[in-house]
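I have placed the structure first, in the form of structure tokens, so that the comments after it can refer back to it.
A quick note: this is a predicted structure, and the numbers were derived from the prediction, not measured. Order of listing sets the numbers, starting from 1, for every ligand and every atom in it. Worth knowing before you read on, the calculation uses all heavy atoms, side chains too, and leaves out hydrogens, waters and symmetry mates.
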Amino acid sequence: MSATVIDGKAFAAKVRGQVAEHVARLKEEHGITPGLAVVLVGEDPASQVYVRSKGKMTVEVGMKSVEHKLDADTSEADLLSLINELNEDATIHGILVQLPLPDHLNEDLVINSIDPAKDVDGFHISNVGLLGTGQKSMVPCTPLGCLMMLRDHHGSLSGLDAVVIGRSNIVGKPMAQLLLGDSCTVTIAHSRTKDLADVVRRADVVVAAVGRPEMAPGDWIKPGATVIDVGINRIDAPERGEGKTRLVGDCHYESCAEVAGAITPVPGGVGPMTIACLLANTLTACSRANGLAEPEGLTA
Ligand code: NAD
């Protein structure tokens with residue numbers, strides 16, 4: 001194996017440490033405590049786990065954490081009314097509605113009812129437009145985490161050929177916008193892309209966000225390229241015992257690591273950065289709301 005392993009777990013801990021320092025300063029110098037409200041509708045087990053760890057880490061960096069757990073059959077009107085209350089609440093600087101929502105709720109309507117300045121997931125249509133036009137916005141957490149790791153590894157990304165595999169609104173498209181913002185030449189590949197292997201082979205930077213276990217093998221990777229693997233896929237692992245499973249990314253780690261210059265592992269790569277960036281976004285939102293300087297290095 002020749003690639004440098006980009007340790008997302010350590011990087012995320014560093015980001016959380018920086019956030020905590022800023023929060024302590026905000027409290028001491030301005031008497032302000034950033035607040036994050038997370039809204040969970042229903043009892044999806046995976047969502048419950050995410051919400052719990054978001055709340056725990058919010059408190060750990062010294063922020064106020066508020067959780068609203070609503071029944072699965074909550075009406076759209078009641079959910080919108082709660083979001084409206086949080087929009088008006090001056091102690092809350094970030095609002096996150098955990099997705100997916102139950103089928104009877106219109107996700108776009110709900111997300112677009114959040115005050116864009118408090119939209120720490122960066123999914124509000126205004127933030128999507130601001131990012132697309134290169135203006136100050138709230139940036140989706142997972143692509144922001146990928147960007148931070150890439151900047152840290154490369155310094156400047158200017159002029160690099162980047163291929164993003166996947167065109168989702170939460171990862172692929174915002175990732176492409178961020179790379180474009182850092183002056184990469186960006187290609188977005190997707191399920192209908194012809195000769196995907198050839199497209200990926202041209203990339204200095206590959207960001208894979210597909211959701212297909214170990215789809216990209218090492219012979220798709222240009223020697224020395226940086227591979228950011230966003231995919232989180234659970235596969236059977238009979239070698240670990242009957243009924244056991246393990247997590248893998250969208251890239252075949254062992255073969256990609258042999259040719260890449262740097263690679264993020266799964267788990268322990270992009271995953272931990274997502275919550276760290278949620279906290280960074282909450283801090284950014286709080287700083288902006290109070291007319292204070294934004295935390296350096298923690299925004300796009
Ligand atoms: P999605 O299903 O919304 O989008 C997947 C994209 O992959 C689509 O745009 C599709 O065109 C593309 N695709 C599908 N098959 C393809 C193929 N054969 N070749 C090329 N492209 C193909 O998924 P998403 O929400 O963007 O998530 C992608 C992956 O990232 C998932 O594994 C998800 O679990 C993971 N994820 C991780 C984090 C994190 O915190 N690390 C956050 C979000 C998503």
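- Per-residue contacts place N233 under 4.0 angstrom from the following atoms of ligand 1 (heavy atoms of the residue considered): 32 (O).
- For atom 21 (N) of ligand 1, the choice among R192, R212, H190 with the nearest heavy atom turns out to be H190.
- Heavy-atom proximity to S191, at under 4.0 Å, picks out these atoms of ligand 1: 11 (O), 13 (N), 14 (C), 15 (N), 16 (C), 17 (C), 19 (N), 20 (C), 21 (N), 22 (C).
- The shortest heavy-atom distance from G172 to ligand 1 is not under 4.0 Å.
- Considering only non-hydrogen protein atoms, atom 9 (O) of ligand 1 sits nearest to R167 N, 2.8 Å.
- Listed by atom number, the atoms of ligand 1 under 4.0 Å from I165 heavy atoms are 20 (C), 21 (N).
- Looking at V199, V210, N169, it is V210 that brings a heavy atom closest to atom 14 (C) of ligand 1.
- In the hydrophobic cluster analysis, where Ile, Leu, Val, Met, Phe, Trp and Tyr join through side-chain heavy atoms closer than 4.5 angstrom, V270 is grouped together with V186.
- Taken to the nearest 0.5 Å, the CE atom of M63 stands 10.0 Å off from the OG1 atom of T33.
- Protein heavy atom closest to atom 36 (N) of ligand 1, with residue, atom name and distance, is V230 O, 3.7 Å.
- The nearest protein atom to atom 34 (O) of ligand 1, hydrogens excluded, is given as I232 O, 3.6 Å; this is a heavy-atom distance.
- More than 12 heavy-atom neighbours from other residues, nucleotides or ligands sit within 6.0 angstrom of NZ on K27.
- Within the structure, ligand 1 lacks T193 among the residues with a heavy atom less than 4.0 angstrom away.
- Heavy atoms of other residues, nucleotides or ligands lying less than 6.0 angstrom from CD of Q48 number more than 12.
- Comment: R246 engages E239 in a salt bridge, judged by a side-chain N to carboxylate O separation of less than 4.0 angstrom.
- In terms of protein heavy-atom proximity, atom 42 (C) of ligand 1 is nearest to T142 OG1, 3.2 Å.
- Between atom 4 (O) of ligand 1 and the options G8, S168, G211, the minimum heavy-atom separation is to S168.
- For atom 27 (O) of ligand 1, no protein heavy-atom neighbour is found at a distance under 4.0 Å.
- Looking at V5, T264, D229 one by one, the single match for side chain to side chain contact (heavy atoms under 4.5 Å, CB included) with Y253 turns out to be V5.
- Among all protein heavy atoms, the one lying closest to atom 19 (N) of ligand 1 is L196 CD2, 3.7 Å.
- Proximity of A209 to ligand 1 is established by a heavy-atom distance of less than 4.0 Å.
- Distances from atom 6 (C) of ligand 1 to the heavy atoms of C141, A216, G166, P267 put G166 nearest.
- Less than 4.0 angstrom separates some heavy atom of I170 from each of these atoms of ligand 1: 25 (O).
- Which parts of ligand 1 touch T274 is read off a 4.0 Å heavy-atom cut-off, strictly below it: atoms 39 (C), 40 (O).
- Considering only non-hydrogen protein atoms, atom 44 (C) of ligand 1 sits nearest to V171 CG2, 3.9 Å.
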